[in-house]
Amino acid sequence: MLSARLIVLLFVGSVSSYKMNPSTNVPPMGWMSWEIFRCDIDCSTDPTNCISENLYKAQTDAMATGGFLAAGYNSIHMDDCWMQTQRTPNGTLVADPKRFPSGMQALGDYMHARGVLFALYTAESTTTCAGYPASKGYESVDANTFAAWGVDYLKVDGCGDNDYYPTGYPKMGAALRATGREIVYSCSWPAYLGDNETQKPWGQIIGSGCNLWRNWLDIQCNSDSLFGIINHWGDYGAFMQTIAAPNGTYGGHFNDPDQLLIGNTCITDDEARTQMAIWSIIAAPLIMGNDMRNVSATSKAILFNKEAIAVNQDPLGRQGLRLGPQNTTEVWYRQLANGDVAVGLLNKDGQPSPKPCTTWNVTQNGYLQACGGGSGNLLCFNGWTLETAQNQCCANSFCAGFSFDVTYGSGCLKANTDCGYVKDSSYVGYNKPGFVPPSGGPSANITVAFNSIGLSGSVKVRDIWAQADVGVFTGSFTAVNVPWHGTAFYRFTPKA
C-alpha cells in the first residue's frame, strides 16, 4: 500500500471571487460531452448538438433547471474539439471563434452564474486525440490561461507519446498549483498504460498532483463495454482500493471508470441501475454522458436516487469491492462511514453461449459501419493479430463483426454492421453471417452471507431502489428474482 507521505494532492488557494470546494473526499458529480456529442463540429447542419457554446449553455441550463444540480450533479465537462486549430501568435490556446464567439471566460461565467462548475479538457501531447492543439510543452502557458478563464476542473488526456507522460503530467500539476486557483486535476495517464493496474507507476501519478485518474478503456454506449469495465474493477479492486487512498492529507483520490451511460437508449433500465449501483459502490465519479435535455423520467429516477447518491458520496471515501472472482452472479460491497455496508447483488448471467464462427463475410478495402458511430463499437484495439480479433469477436455473442487494419493490427469490434460501407483501403471488414443480437436472460436469486462482508448478528436491510426497509435478518440475505443484467441494491445496518 502506498504511504500517505506519497500522496500529494493538488491543493491550491483561489484568487478569484468565485469559490469552489477543493476537497476531493467524495467523487465529483457532473456531465461530460464526449460520450454522445463526440467531435461534432458541423454547426451548419447540426446547430443544437455541435460542439459549441450553444450546446454547453443548453446543457448548463438543463442541469440547473432539470433537477440535476439539486441532486448533486454540479459540473459541465467540455471535452475535445473546443479549440481553434492553431495557437495564437503569442502561444496561447483559444476557442474556435465561430463556435464559441463569446469566448471561454464568458462561457465559464455563464456556468458559474447558475451554480455550475466549469470543467475543461486538454492533453499531454502535441495534439489532442481529435487533432487539436494540446499542452505538451505549454503546461505553464495553458494552466495560466485556464485559470484566467475560471476553470474549476481540468481533464488531461494522453493521445501521444507515453514516454512524455512522466514529464508532462507533473509539469501540468505544478503549473496548475502555481496559478493560485483551485483546479481539480483529472489525469488520463494510467489509461494509456495497459490492463494491469498493479504495474502502473502510481507513486509518480499521485506525486504529479492528480486528484483522480482514468484507469482503463473509454466506455462505449453498450452493455458489453459497461460489463467489461465492471469486470476490470472487480478483478483489480483490492489493489485499486489501496491507491484510491481516501484519507490523504487534503482529501481522497479516485479511480475513474468513465462516464455514466444512464439516460441513453443504448442500455436497458436494469443495466442503468447496475451502473449506478456499481459506480456508487466503487466510489466512482458520477459524470453523466447523456443529453440532459432528453433524459426520461425513469432514467432521472435512477440518477436522482438520494440513497444511491449517498452511498457514492459517503464521507469515508473508501472504494468498494467485488466479493470473490468473476461469476454469473456477484456480490459487491462497500464499507460506509457510519458502519453500514452498501451491497449490490449483480445478475450478470454470463453471456448467452456464442455460436461457432465457421465462416466470415469479408469486405475488402473497407468495412461495414456500426450504427451509432463510436457508441456502436463494443471495444477498439491496437496491435492485435487477425486471429486474436477473430477469436475475441467469435467469443462475444454481442459482436457482429470487426474492422481490421492489417498494418497496425487495429480496429473495432462492432455491436452491429447496419449503417453502411466505409471505404478505406487500410481496412478489411469481417462480419458474422446472419448475425442476430442476443436479448435477455433469466432472473436469479442471489444470497450474501453477512460474515463475508464483515457483519454479524442481526442486520437491518433497506432497499435503495425502493427507498424502503425490507426487514431484519440474521446470518444472510437473499434477493429474489434479480433481473438479467440488473443489480439489487441495499444498505445493511448492523443492529446493536
(message) Please give me the minimum heavy-atom distance between Leu120 and Met104, naming the atom from each residue.
(response) CD1-CE, 3.5 Å

(request) Working to the nearest 0.5 Å, report the span between CE of Met78 and CE of Met32. (result) 11.5 Å

(request) Say whether, by atom type as modelled, one donor and one acceptor occur between the side chain of Asn211 and the main chain of Tyr185 under 3.5 angstrom. (result) yes

(request) Run the salt-bridge test on Arg491 and Glu307 with the 4.0 Å N-O cut-off and return the result as yes or no. (result) no

(request) List the steps, then state whether salt bridge (charged side-chain N to carboxylate O under 4.0 Å, His left out) holds for Asp291 with Arg293. (result) CA-CA 5 Å; Asp291 184 345; Arg293 300 167 296 187; 2.9 Å; yes

(request) Using only the SG atoms, establish whether Cys221 and Cys266 come within less than 2.5 Å of one another. (result) yes

(request) Go through the side-chain N and O atoms of Asp157 and Tyr192 and say whether any donor and acceptor fall under 3.5 Å apart. (result) yes

(request) Establish, from distance only, whether the side-chain atoms of Asp42 and Thr45 form a donor-acceptor pair under 3.5 Å. (result) yes

(message) Could you check whether Asn264 and Asn290, counting side-chain N and O atoms only, form a donor-acceptor pair closer than 3.5 Å?
(response) no

(message) Would Glu53 and Arg99 count as a salt bridge (charged side-chain N to carboxylate O under 4.0 Å, His left out) here? Give the steps.
(response) CA-CA 6 Å; Glu53 67 178 55; Arg99 293 183 284 117; over 6 Å; no

(message) Within the 4.5 Å heavy-atom criterion, are Val156 and Tyr169 side-chain neighbours or not?
(response) yes

(message) Assess, by modelled atom type and distance only, whether the side chains of Asn365 and Asp424 contain a donor and an acceptor separated by less than 3.5 Å.
(response) no

(request) Mind telling me whether Tyr73 and Phe304 have parallel, tilted or perpendicular rings, with 30° and 60° as the class edges? (result) tilted

(message) Looking only at the side chains, is there a donor atom on one of Arg334 and Gln319 sitting less than 3.5 Å from an acceptor on the other?
(response) no

(message) Using a 3.5 Å distance criterion without hydrogens, assess whether the side chain of Asn305 forms a donor-acceptor pair with backbone atoms of Ile464.
(response) yes

(request) Would you check if there is a donor-acceptor pair between the side chains of Asn231 and Lys348 at a distance under 3.5 Å? (result) yes

(request) Could you tell me which non-hydrogen atom of Ser125 sits nearest to which non-hydrogen atom of Gly158, and how far apart they are? (result) OG-O, 2.6 Å

(request) Examine the side chains of Trp213 and Asn255 and answer whether a donor and an acceptor come within less than 3.5 Å of each other. (result) yes

(request) Indicate, with yes or no, whether the SG-to-SG separation of Cys393 and Cys357 is under 2.5 Å. (result) no

(request) Kindly indicate whether a cation-pi arrangement holds for Lys57 with Tyr110, taking the cut-offs as under 6.0 Å to the six-membered ring centre and within 45° of the axis. (result) yes

(request) For side chain to side chain contact (heavy atoms under 4.5 Å, CB included), just list the numbers for Trp31 and Leu260, CA-CA rounded to whole Å, side-chain angles, deciding distance to a tenth of an Å, and then say yes or no. (result) CA-CA 9 Å; Trp31 173 91; Leu260 294 173; over 6 Å; no

(request) Tell me, please, which residues at least two apart from Thr274 pass side-chain contact (heavy atoms from CB on, under 4.5 Å). (result) Phe227, Ile230, Ile278, Leu346, Thr487

(request) Test Met288 against Met29 for side chain to side chain contact (heavy atoms under 4.5 Å, CB included), laying out the working first. (result) CA-CA 8 Å; Met288 300 176 290; Met29 297 174 63; over 6 Å; no

(message) Show the nearest heavy-atom pair for residues Ala130 and Cys81, with the distance to one decimal.
(response) CB-SG, 3.5 Å

(request) Assess the pair His77 and Trp34: is the distance between their ring centroids shorter than 6.0 Å? (result) no

(request) Describe, in one word, how the ring planes of Tyr56 and Phe100 are oriented to each other, choosing from parallel (under 30°), tilted (30 to 60°) and perpendicular (over 60°). (result) parallel

(message) Nearest 0.5 Å, please: how far is CD in Gln220 from CG in Asp258?
(response) 8.5 Å

(message) Taking the ring of Phe477 and the ring of Tyr490, is the distance between their centroids below 6.0 Å?
(response) yes

(request) Report yes or no: does Glu330 contribute a side-chain atom to a donor-acceptor pair with the main-chain N or O of Asn327 at less than 3.5 Å? (result) yes

(request) May I ask you to test the Lys414-Leu378 pair for a side-chain heavy-atom distance under 4.5 Å? (result) no

(request) Ignoring hydrogens and angles, tell me if any N or O in the side chain of Asp152 forms a donor-acceptor pair with the backbone of Phe118 under 3.5 Å. (result) yes

(request) Taking side chain to side chain donor-acceptor pair (under 3.5 Å) as the test, write out the residues that go with Asp195, two or more places apart. (result) Trp216

(message) I want to check something: taking the side chain as every heavy atom from C-beta on, are Phe404 and Gln390 in contact at a cut-off of under 4.5 Å?
(response) no

(message) Closer than 3.5 angstrom, by distance alone: can the side chain of Asn222 be matched with the main-chain N or O of Asn377 as a donor-acceptor pair?
(response) yes

(message) So, taking the atom named CG in Leu286 and the one named CD in Gln275, what distance separates them when rounded to the nearest 0.5 Å?
(response) 9.0 Å

(request) State plainly whether the residues Arg322 and Asp235 are in salt-bridge range, i.e. N to O under 4.0 Å. (result) yes

(message) Keeping Asp96 on the side-chain end and Lys98 on the backbone end, is there a donor-acceptor pair under 3.5 Å?
(response) yes

(request) Over all heavy atoms of both residues, which pair between Val482 and Asn347 is shortest? Give the atoms and the distance, please. (result) O-ND2, 3.0 Å

(request) For Ser33 and Asp79, indicate whether the former's side chain and the latter's backbone hold a donor-acceptor pair under 3.5 Å. (result) yes

(request) Please round to the nearest 0.5 Å and tell me the distance separating atom CG of Asn54 and atom CG of Asn49. (result) 11.0 Å

(request) Return yes if a side-chain donor-acceptor contact under 3.5 Å exists between Thr85 and Tyr132, otherwise no. (result) no

(request) Indicate the atoms forming the closest heavy-atom contact of Arg114 with Thr60, along with that distance. (result) CD-CG2, 3.9 Å

(message) Does any part of the side chain of Trp332, heavy atoms only, come nearer than 4.5 Å to the side chain of Ile282, both counted from C-beta?
(response) yes

(message) Closer than 3.5 angstrom, by distance alone: can the side chain of Asn74 be matched with the main-chain N or O of Leu69 as a donor-acceptor pair?
(response) no

(request) For Thr65 and Asp61, indicate whether the former's side chain and the latter's backbone hold a donor-acceptor pair under 3.5 Å. (result) yes

(message) Is a donor from one side chain sitting under 3.5 angstrom from an acceptor on the other, for Thr493 and Asp340?
(response) yes

(request) List the steps, then state whether side chain to side chain contact (heavy atoms under 4.5 Å, CB included) holds for Phe146 with Leu93. (result) CA-CA 9 Å; Phe146 301 149; Leu93 289 172; 3.9 Å; yes

(request) Measure the spacing between CE of Met292 and CD1 of Ile36 and express it to the nearest 0.5 Å. (result) 12.0 Å

(request) State plainly whether the residues Arg214 and Asp218 are in salt-bridge range, i.e. N to O under 4.0 Å. (result) yes

(message) Could you check whether any side-chain N or O of Lys432 sits under 3.5 Å from a backbone N or O of Gly401, counting only pairs where one atom can act as donor and the other as acceptor?
(response) no

(message) Rounded at 0.5 Å granularity, tell me how far OG1 in Thr385 sits from CG in Asn391.
(response) 7.5 Å

(request) Count the heavy atoms belonging to other residues, nucleotides or ligands that lie under 6.0 Å from OH of Tyr421, then report whether that count exceeds 12. (result) yes

(message) Contact between Phe37 and Ser52 at the side-chain level, heavy atoms closer than 4.5 Å - yes or no?
(response) no

(request) Determine the minimum heavy-atom distance between Ile229 and Leu217, stating which atoms define it. (result) CD1-O, 4.0 Å

(message) Please report whether the ring centroid of Phe402 lies less than 6.0 Å from that of Trp360.
(response) yes

(message) Assess the residue pair Cys50 and Ile41 against the criterion (side chain to side chain contact (heavy atoms under 4.5 Å, CB included)); give the C-alpha distance rounded to whole Å, side-chain angles, the decisive distance to 0.1 Å, and a yes or no.
(response) CA-CA 5 Å; Cys50 68; Ile41 60 172; 5.8 Å; no

